[in-house]
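So the structure is just underneath, and the comments pick up after that.
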Amino acid sequence: MYLALIADVIDSKMVQERFDLQKQLEKTLQTMNELFGEFLASNFTLTLGDEFQGLLKVDAPVFQMIDTLRSLLTPTQLRFGIGLGEIDPLQSIGADGPAYWNARAAINLVHQKNDYGNTQIYFSSGKEKQDFFVNALIASGEAIRSGWRGSQEEILLDLLKRCVYSENFSQQDLAQSLEINPSALSKRLKSSSIRVYLRGRAAALASIQSLAKGEAYDRII
């Protein structure tokens, strides 16, 4: 079982400097392959136009990877499809298979139903009930993130730079890193709901990994 991740640039045809965007994508994917190489079964690569994909091991921190991609490519907006499925071991890793088919189905869902532009990530394993649960968690996080101002998003960006992706982060370390006083940080944490965001991402990931291990739906919830 693998996780396939397919992403593309939103409204890429409206980007005037397409060559510069391609170069930025290539550089970013190289950085991702270096940062998360231990979790990759097949490196991130550009495929068609402004679309790219990678094949991840099931223990990969897929949402941390997505948020890292977003941070590296800002202000470029991306949509993502995550697919869980098998890949034929007799084929070369990353060639094709259910994981990619499900990822393609997931990214098509983003085109069809994105909650008024707020939800840019979908997951598919081909199991409707389980996918509904995971996607509800994902959409809740996307709704939280869509309301962030620059100062609130700065919290996540700082955590990502320090390779922290858990609600159990040190508030003292974060205050020092952002160079703000604890009181100001507390207000920012409350208004951003960052701990709820990260908790939801952790729950979605745990659910996906349970599906990969073949655990029953009632055990997931």
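The nearest pair of heavy atoms linking Ala184 to Asn181 is N-OD1, 2.7 Å. The shortest non-hydrogen separation linking Ala106 to Gly81 is CB-CA, 3.7 Å. Taking both residues in full, the closest heavy atoms of Val110 and Tyr122 are given as CG2-CD1, 3.5 Å, listed atom of the first, atom of the second, then distance. The two atoms that bring Ala204 and Phe63 nearest to each other are CB-CE1, 3.7 Å, heavy atoms only. Taking both residues in full, the closest heavy atoms of Leu25 and Leu73 are given as CD2-CD1, 3.8 Å, listed atom of the first, atom of the second, then distance. Minimum interatomic distance between Ile87 and Ala99 (heavy atoms only, all atoms of both residues): CD1-CB, 4.0 Å.
Proximity of Leu5 to Ile66: side-chain heavy atoms (C-beta onward) are separated by under 4.5 Å at one or more points. Within the 4.5 Å cutoff, the side chain of Pro61 has no heavy atoms near those of the Tyr165 side chain.
With Glu51 contributing its side chain and Ile6 its backbone, the two residues share no donor-acceptor pair below 3.5 Å. Looking only at distances, no side-chain donor or acceptor of Ser193 sits under 3.5 Å from a matching main-chain atom of Val196. At least one donor-acceptor pair closer than 3.5 Å links the side chain of Asn135 to the backbone N or O of Phe123. Side-chain N or O atoms of Asp50 include none that pairs as donor or acceptor with a backbone N or O of Gln22 at under 3.5 Å.
Atom-to-atom distance recorded for Thr45:OG1 and Gln53:CD is 5.5 Å, nearest 0.5 angstrom. For the atom pair CG (Leu137) and CZ (Arg199), the distance works out to 11.5 Å, reported to the nearest 0.5 Å. To the nearest 0.5 Å, the span separating CD on Glu34 from CG on Asn43 amounts to 10.0 Å. Here the CG-CD distance, from Leu160 to Gln64, works out to 6.5 Å after rounding to the nearest 0.5 Å. Remark: Leu69 CG to Leu29 CG distance equals 7.0 Å, nearest 0.5 Å. In this structure, CZ on Phe44 lies 4.0 Å from CE on Met65, to the nearest 0.5 angstrom.
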task = Mind running side-chain contact (heavy atoms from CB on, under 4.5 Å) on Leu3 and Leu55 for me, showing each step along the way?
result = CA-CA 6 Å; Leu3 290 173; Leu55 191 65; over 6 Å; no
request  = Show your reasoning for whether side-chain contact (heavy atoms from CB on, under 4.5 Å) applies to Val58 and Leu84.
outcome  = CA-CA 8 Å; Val58 292; Leu84 173 65; 4.3 Å; yes
query = Please walk me through it: do Phe169 and Leu189 pass side-chain contact (heavy atoms from CB on, under 4.5 Å)?
reply = CA-CA 12 Å; Phe169 56 81; Leu189 291 175; 3.8 Å; yes
request  = Given side-chain contact (heavy atoms from CB on, under 4.5 Å), test Asp8 with His111 step by step and report yes or no.
outcome  = CA-CA 11 Å; Asp8 65 18; His111 288 275; 3.8 Å; yes
key: Verdict with supporting geometry, Arg195 and Gln171, side chain to side chain donor-acceptor pair (under 3.5 Å)   = CA-CA 11 Å; Arg195 293 190 191 275; Gln171 197 160 321; 3.2 Å; yes
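No continuous path of ILVMFWY side-chain contacts below 4.5 Å connects Ile10 to Leu109, so the two sit in separate hydrophobic clusters. Linking ILVMFWY side-chain heavy atoms closer than 4.5 Å, directly or via other members, places Trp101 and Tyr2 in two distinct hydrophobic clusters. Under the 4.5 Å side-chain contact rule for hydrophobic residues, Leu35 and Phe80 share a cluster. The hydrophobic clustering, which links ILVMFWY residues whose side-chain heavy atoms are closer than 4.5 Å, places Phe39 and Ile82 together.
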Side-chain donor-acceptor pairs under 3.5 Å in residues 146-159, sequence neighbours left out?
unit_1: Ser146; atom_1: OG; unit_2: Ala143; atom_2: O; d: 2.7
unit_1: Trp148; atom_1: NE1; unit_2: Ser192; atom_2: O; d: 2.7
unit_1: Gln152; atom_1: OE1; unit_2: Arg149; atom_2: N; d: 2.7
unit_1: Gln152; atom_1: NE2; unit_2: Ser191; atom_2: O; d: 3.4
unit_1: Gln152; atom_1: NE2; unit_2: Ser191; atom_2: OG; d: 2.8
unit_1: Glu153; atom_1: OE2; unit_2: Arg145; atom_2: NH2; d: 3.4
unit_1: Glu154; atom_1: OE1; unit_2: Arg188; atom_2: NH1; d: 3.1
unit_1: Asp158; atom_1: OD1; unit_2: Ser177; atom_2: OG; d: 2.5
unit_1: Asp158; atom_1: OD2; unit_2: Arg162; atom_2: NE; d: 2.9
unit_1: Asp158; atom_1: OD2; unit_2: Arg162; atom_2: NH2; d: 3.0
unit_1: Asp158; atom_1: OD2; unit_2: Ser177; atom_2: OG; d: 3.2

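Defined by atom type and a distance below 3.5 Å, a donor-acceptor pair is missing between the side-chain atoms of Asn114 and Gln120. In this model, a donor atom of one side chain and an acceptor atom of the other lie less than 3.5 Å apart for Arg201 and Tyr197.
Glu142 pairs with exactly one of Arg70, Arg79, Lys113 by the salt bridge (Lys or Arg N to Asp or Glu O under 4.0 Å) rule, that one being Arg70.
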